[in-house]
Amino acid sequence: MQNLDAVLKQHAAQSDIDADVARAVNGLALAAASISKLIRTPDSATNLGAIKGSANADGDDQKALDVLADDVITAQLHAAGVAIYLSEEQDTPIPLHADGTLIVASDPLDGSSNIDTNVSIGTIFSIMLAVGGPLQCGRDQLAAGFFVYGPQTTLLLTLGDGVLAFQMDDDGCFCDMGWQVALPADTQEFGINASNQRHWYAPVKAYIDACLDGRDGELKRNYNMRWVGSLVADAWRIFRRGGVFLYPADRRDGYSQGRLRLVYEANPVAMLVEQAGGKATNGTESILDIQPQDLHERVAFIFGSMNEVDVIIGYHS
Ligand code: FDP
């Protein structure tokens, strides 16, 4: 059992690029410790869920904590020598160091609509080589992960060879959680925002109908449903005990490619999923094989236990 510092030290010894990756991950861990502290500190004068008045690049309302988290991450990535920062909160790439070797993409505060509700929220990140430019396939990621600010502050991390789980202690140190992160291939648990049912396209509607039919339906087994409404919280549960997550494309205006963002939400989660033995798709194509055309583009996102994702892909073909 090793804490994050030891893992990063070993990684850094492998090559110059790995050393830069280790510095970037360390910077993100420092940022996460600060964000976690901000969230936990009682301060009636600071309403972290207050709308800041402007919408972000994607048209979502920016909350005070979105902006604070983005500032903290920018500062840490600058200190870590990163070349370019891609953020959900910024319209365009932020150049940090012309001679840096890495790009870091991040959703600084995922689950913003849950800030005021004391429900788990998080920070998602993806690390790529700077030479590839901002729009790279997820397959090219060097490392990826997400922090969850919940009852525990945690980190799921892949450096390209499996997935590690850490929990932050009171000193801001990320300690190995002592479990093997491996997604069970089978599951009978799905997560989807069912209020959008009337907008879904036929494949997703048919799959969820079959789940709800339970043992009497064509899938011939009973299902349970869980939906937190924070991607990081739903993903953490799925890494822990299996399941599938669906945020599909639907007929609503602005949802023709789903809701979640490819570059800094779906790609990092998909890399973790594949590294843990699961599968991530838009229904027809592997998330990690999609070539992004735009920094803030959305993607239909389905991931989780391999065999169940294959069932959902079957409904799309
Ligand atoms: P949020 O808008 O609160 O930041 O990333 C966007 C996200 O949350 C995900 O964390 C979450 O899974 C999804 O949106 C929830 O969307 P719905 O409210 O449409 O269900």
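All ligand and atom numbering here is 1-based and tracks the order in the structure. Every value quoted in this text rests on a predicted model; they were computed, and no experiment measured them.
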**Student:** With rounding to the nearest 0.5 angstrom, report the CH2 to CZ distance, Trp200 to Arg251.
**Tutor:** 12.0 Å

**Student:** When you compare ligand 1 with Tyr255, is there at least one nitrogen or oxygen pair between them that comes in under 3.5 angstrom?
**Tutor:** no

**Student:** Geometry only, no angles: is Asp107 polar-contacting ligand 1 at N/O separations under 3.5 Å?
**Tutor:** no

**Student:** Please work out, at 4.0 Å between heavy atoms, whether the side chain, the backbone, both, or neither of Leu231 comes within that distance of ligand 1.
**Tutor:** both

**Student:** Please determine whether a side-chain nitrogen of the Lys or Arg among Asp5 and Lys9 lies less than 4.0 Å from a carboxylate oxygen of the Asp or Glu.
**Tutor:** no

**Student:** Is Arg139 paired with Asp289 through a side-chain N to carboxylate O contact shorter than 4.0 Å?
**Tutor:** yes

**Student:** Does the N or O separation between Leu260 and ligand 1 drop below 3.5 Å for any pair?
**Tutor:** no

**Student:** Is the number of heavy atoms from other residues, nucleotides or ligands within 6.0 Å of CZ (Arg215) greater than 12?
**Tutor:** no

**Student:** Compute the shortest N/O to N/O distance between Leu109 and ligand 1 and return yes if it is under 3.5 Å, no if not.
**Tutor:** no

**Student:** Take the angle between the ring planes of Phe245 and Phe303 and call it parallel below 30°, perpendicular above 60°, tilted in between.
**Tutor:** parallel

**Student:** For Asp110, is at least one N or O under 3.5 Å away from an N or O on ligand 1?
**Tutor:** yes

**Student:** Can you check whether Arg259 has an N/O within less than 3.5 Å of an N/O in ligand 1?
**Tutor:** yes

**Student:** Please work out whether any backbone atom (N, CA, C, O) or any side-chain heavy atom from C-beta onward of Ser230 is under 4.0 Å from ligand 1, and answer side chain, backbone, both or neither.
**Tutor:** backbone

**Student:** Is Ile127 reachable from Leu155 through a run of I, L, V, M, F, W or Y residues, each pair having side-chain heavy atoms under 4.5 Å apart?
**Tutor:** yes

**Student:** Is it true that atom CD of Gln291 has more than 12 heavy atoms of other residues, nucleotides or ligands lying nearer than 6.0 Å?
**Tutor:** yes

**Student:** Any N/O of Arg252 closer than 3.5 Å to an N/O of ligand 1?
**Tutor:** no

**Student:** Could you tell me, atom by atom, which parts of ligand 1 come under 4.0 Å of a heavy atom of Asn193?
**Tutor:** 17 (P), 19 (O), 20 (O)

**Student:** Do Leu288 and Gln141 come within less than 4.5 Å of each other through their side chains, counting heavy atoms only?
**Tutor:** yes

**Student:** Identify which of Tyr247, Trp227, Phe245 has a heavy atom lying nearest to atom 19 (O) of ligand 1.
**Tutor:** Tyr247

**Student:** List ligand 1 atoms under 4.0 Å from Ser113, heavy atoms only on the residue side.
**Tutor:** 1 (P), 3 (O)

